[in-house]
Each structure stands twice: as C-alpha cells, then as structure tokens.
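Here the structure comes first, spelled out in structure tokens, and everything after it is commentary.
A, B, ... follow the sequence lines: proteins, then strands. Residue 1 opens every chain.
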There are 2 protein chains.
Amino acid sequence: MPDDIDVFDRLLEIALLIQADMARELEPAGLTAARTHLLWVAHSSGPSTQQALAHALQVSPRNVTGLVDALEARGFVRRSPHPTDRRATLVSLTEQGTQAVTEMEEGRRRIAAHVVSDFDVDRLQHFRADLDAVTARLHELMDPS
Amino acid sequence: MPDDIDVFDRLLEIALLIQADMARELEPAGLTAARTHLLWVAHSSGPSTQQALAHALQVSPRNVTGLVDALEARGFVRRSPHPTDRRATLVSLTEQGTQAVTEMEEGRRRIAAHVVSDFDVDRLQHFRADLDAVTARLHELMDPS
DNA sequence: TATTGTTATACTCTATAACTATA
DNA sequence: TATAGTTATAGAGTATAACAATA
C-alpha cells in the first residue's frame with residue numbers, strides 16, 4: 001500500500017496545474033494572480049475602501065495601493081471619493097472589470113465541468129465530501145485554535 | 001445539485017492552504033517556495049548544471065543564477081566546476097541542504113497522514129483515483145496535444 | 001557558430017517605516 | 001490621538017538582451 005504522502009503529491013500537482021492554467025489565461029490582459037484576486041474580492045464585496053481590501057486579502061495597505069494603481073491604469077477598477085470619509089477612497093469595478101470577472105467565472109466553470117466530466121453523481125458527491133474533509137484538516141493544521 | 005464549480009473552489013482553497021502551510025515552515029530558514037523547488041529538484045536529480053535546473057524548473061537560466069546565489073549564500077547548495085565542460089558549473093546539495101530536504105519530506109508526510117487520517121482504506125483508494133482523474137484532465141487542458 | 005553562466009535592466013509582489021490629510 | 005492612503009526604501013521572483021568564456 002502506498003504511503004499517504006502520494007495524496008499530498010497529487011494535491012500539490014493539482015494546485016500547480018490550476019495556478020498555471022489561471023495565469024496562462026489572465027496574463028495577456030495585464031492581469032496577474034494578485035491583481036485578479038483583488039478584482040475578485042472587490043467584485044464580491046462591492047465598492048470597498050483600500051483598507052477593507054487589504055484586510056480581505058491579508059496584505060499590507062501599501063500593497064493594495066500598488067495593485068489598485070495597476071488595475072486602474074488598465075481600466076479594470078475606478079477610484080472614487082468616499083462619500084462621508086474624506087481620507088478614504090472607494091474602489092469599484094468598471095464595466096471592463098466586471099466583464100473580466102464574468103469571463104473568469106465562465107472559464108472556471110468550464111474547467112470545473114471538464115475535470116469531473118466523467119464522474120457520475122455518486123462519485124462526484126463522494127469526491128466533494130473528501131475534498132471538504134481534507135480542507136477541514138488543513139485548516140486545523142494552519143490554525144490550531 | 002450544486003454546480004461543478006464548487007469542486008474547483010475546493011481544489012483552489014486546498015491549493016492555497018498547502019502553499020501557505022509550506023511557506024510558513026520554510027521562510028524562517030531563508031527558504032522560499034522558489035528556492036525550495038530548486039533544492040528539491042537538485043536533490044532528486046543529483047548534481048546538475050544550472051542549465052539542467054532551468055529546464056527542469058521551466059524557468060530562465062538567469063533566474064537559476066539568482067536562486068543558486070541565495071541558496072549558496074545560506075549554505076544549502078554548493079557550486080563546483082563541471083569535470084569536462086569548463087563553461088558549466090555543477091550545483092549539489094550540502095549536508096545542510098540534504099538535511100533540509102529530509103525535514104521537508106517528513107513534514108509533508110506528517111501533513112499527508114493528517115489530512116486523510118480518518119479515511120478508511122477503501123475511501124482513500126477512491127480518493128486517490130479521483131485525484132488522478134482530475135490531474136489527468138487538467139493536464140489535457142494545459143497541454144492539448 | 002552554439003552553449004553556459006553572468007551582468008544589465010525592468011516589472012511585479014511583498015513588507016515596514018515615515019508622512020499627509022483627515023477623523 | 002488614530003486612521004486612510006501615499007511616498008520611500010528594500011528584498012524576492014521573474015523575464016529578455018547583451019556579453020564573456022568555452023565548446
């Protein structure tokens with residue numbers, strides 16, 4: 001019987017493949033993983049302060065400044081003044097930004113459907129449960145609270 | 001029934017958790033993901049030219065120079081002249097480098113055992129098969145040859 | 001002429017610290 | 001006094017292009 005470590009190897013390989021695939025599709029448009037992550041969060045949360053984005057992304061405020069600069073220069077997001085707090089700026093998606101997110105969602109849906117396309121309903125259900133169990137265990141390891 | 005995209009979300013979350021966990025353990029020693037990857041490959045392949053490492057890592061030769069510089073400065077690898085080709089240098093692991101790889105292997109084995117610790121033999125076997133199927137499908141997407 | 005590794009240059013992600021404007 | 005965002009500075013990963021030494 002193989003050692004459990006091969007499960008880790010499989011998961012790690014999948015992780016690398018997923019990230020490589022995502023990078024391949026995004027980079028032509030000037031979108032990198034970090035910028036896409038911010039775009040994704042801003043889309044989910046609606047117009048957000050950079051402070052809020054920094055917190056959501058677990059990243060320094062300075063880092064958010066740079067990412068928003070890049071996304072703004074490429075037309076994916078827009079900065080606007082906060083209506084009540086003149087220190088803050090609100091980051092929201094432009095039409096182009098919203099469209100990019102929509103296309104990425106479609107791409108992910110297409111990938112997801114492809115990778116499990118020959119699983120029957122029962123197998124897919126078990127696979128989901130297994131992944132959830134693994135995720136929970138990984139969270140335990142990261143956050144031993 | 002949920003959309004298949006949630007499988008992708010689960011896999012992506014696992015990918016991020018694995019990488020976060022690996023980063024957390026390595027960085028104190030001055031090892032980053034990129035340096036660790038090179039260390040891993042050099043360990044598996046034995047003494048290698050930087051050219052060979054660049055090819056194995058799918059990265060530019062210039063990048064390898066920087067990674068080897070950093071690993072050499074921290075005592076994980078050693079450069080030595082190639083016995084027959086005076087243009088090339090051979091990169092090999094020091095005692096400290098070998099020990100670091102050994103410790104990482106133990107860490108990965110521990111994590112792997114933990115994440116599937118409540119799977120019985122049958123479930124684990126199915127899970128492996130599912131991961132292999134997903135990996136194969138992802139390779140198809142990446143490499144439509 | 002081709003290849004190995006390096007210097008030169010540039011872009012990106014990331015962080016901390018100091019600073020400005022506002023709360 | 002504290003907070004939001006920026007400038008300043010720094011380290012790391014990555015790339016291409018030009019160059020030296022060697023094949």
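- Below the 3.5 angstrom threshold, one finds a donor paired with an acceptor across the side chain of Arg87(A) and the base of dT3(D).
- Considering Val115(A), Asp122(A), Val116(A), Val121(A) as possible partners of Phe119(A), the one that fulfils the side-chain contact (heavy atoms from CB on, under 4.5 Å) test is Val116(A).
- For Gln19(B) and dG13(D), the CD to P distance is 14 Å, given to the nearest whole Å.
- If you check dG5(D), dT6(C), dT14(C) against the side chain of Thr65(B), the one that comes closest is dT6(C).
- For dG5(C), the OP1/OP2 oxygens have a side-chain nitrogen or oxygen of Thr89(B) closer than 4.0 Å.
- Comparing Ala33(A) and Ser48(B) against DNA chain C, the residue whose closest nucleotide sits nearer the 5' end is Ser48(B).
- Residue Arg35(A) has no polar side-chain atom (N or O) positioned under 4.0 Å from OP1 or OP2 of dT14(C).
- We find that Arg123(A) and Asp120(A) are not joined by a salt bridge, their nearest charged nitrogen and carboxylate oxygen being 4.0 Å or further apart.
- Nucleotide dG13(D) holds its C1' atom 12 Å from the CG atom of Leu57(B), rounded to whole Å.
- Contact annotation: Gln51(A) reaches the phosphate of dA4(D) (side-chain N/O to OP1 or OP2, under 4.0 Å).
- No salt bridge links Arg78(A) with Glu72(A); every basic N to acidic carboxylate O contact stays at or beyond 4.0 Å.
- For dC13(C), the OP1/OP2 oxygens have no side-chain nitrogen or oxygen of Asn63(A) closer than 4.0 Å.
- Distance CZ (Arg62(A)) to C1' (dG5(D)): 10 Å, rounded to an integer number of Å.
- Distances were taken from every side-chain heavy atom of Arg79(B) (C-beta onward) to each of dT6(C), dT12(C), dT6(D); the shortest belongs to dT6(C).
- Atom-to-atom, CG of Leu38(A) to C1' of dG5(D) comes out at 14 Å; the value is rounded to the nearest Å.
- Looking at Gln99(B) and Glu103(B), their side chains do bring a donor and an acceptor atom within 3.5 Å of each other.
- Atom CG of Asp85(A) and atom C1' of dA4(D) are 7 Å apart (whole Å).
- Arg86(B) places its CZ atom 20 Å from the P atom of dT3(C), with the value rounded to the nearest Å.
- Look at NE2 on His82(B): it is 12 Å from C1' on dT3(C), rounded to the nearest Å.
- Of the side-chain N and O atoms in Ser60(A), one or more sit less than 4.0 angstrom from OP1 or OP2 of dA15(C).
- Map Arg74(B) and Pro61(B) each onto its nearest nucleotide of DNA chain D; the residue landing nearer the 5' end is Arg74(B).
- Rounded to whole Å, the distance from CD on Gln50(A) to P on dT22(C) is 16 Å.
- Using a 4.0 Å heavy-atom criterion, one finds that Val59(A) contacts the sugar-phosphate atoms exclusively.
- Applying the side chain to side chain donor-acceptor pair (under 3.5 Å) test to every pair with at least one member in residues 36-49 of chain A, sequence neighbours left out, gives no pairs at all.
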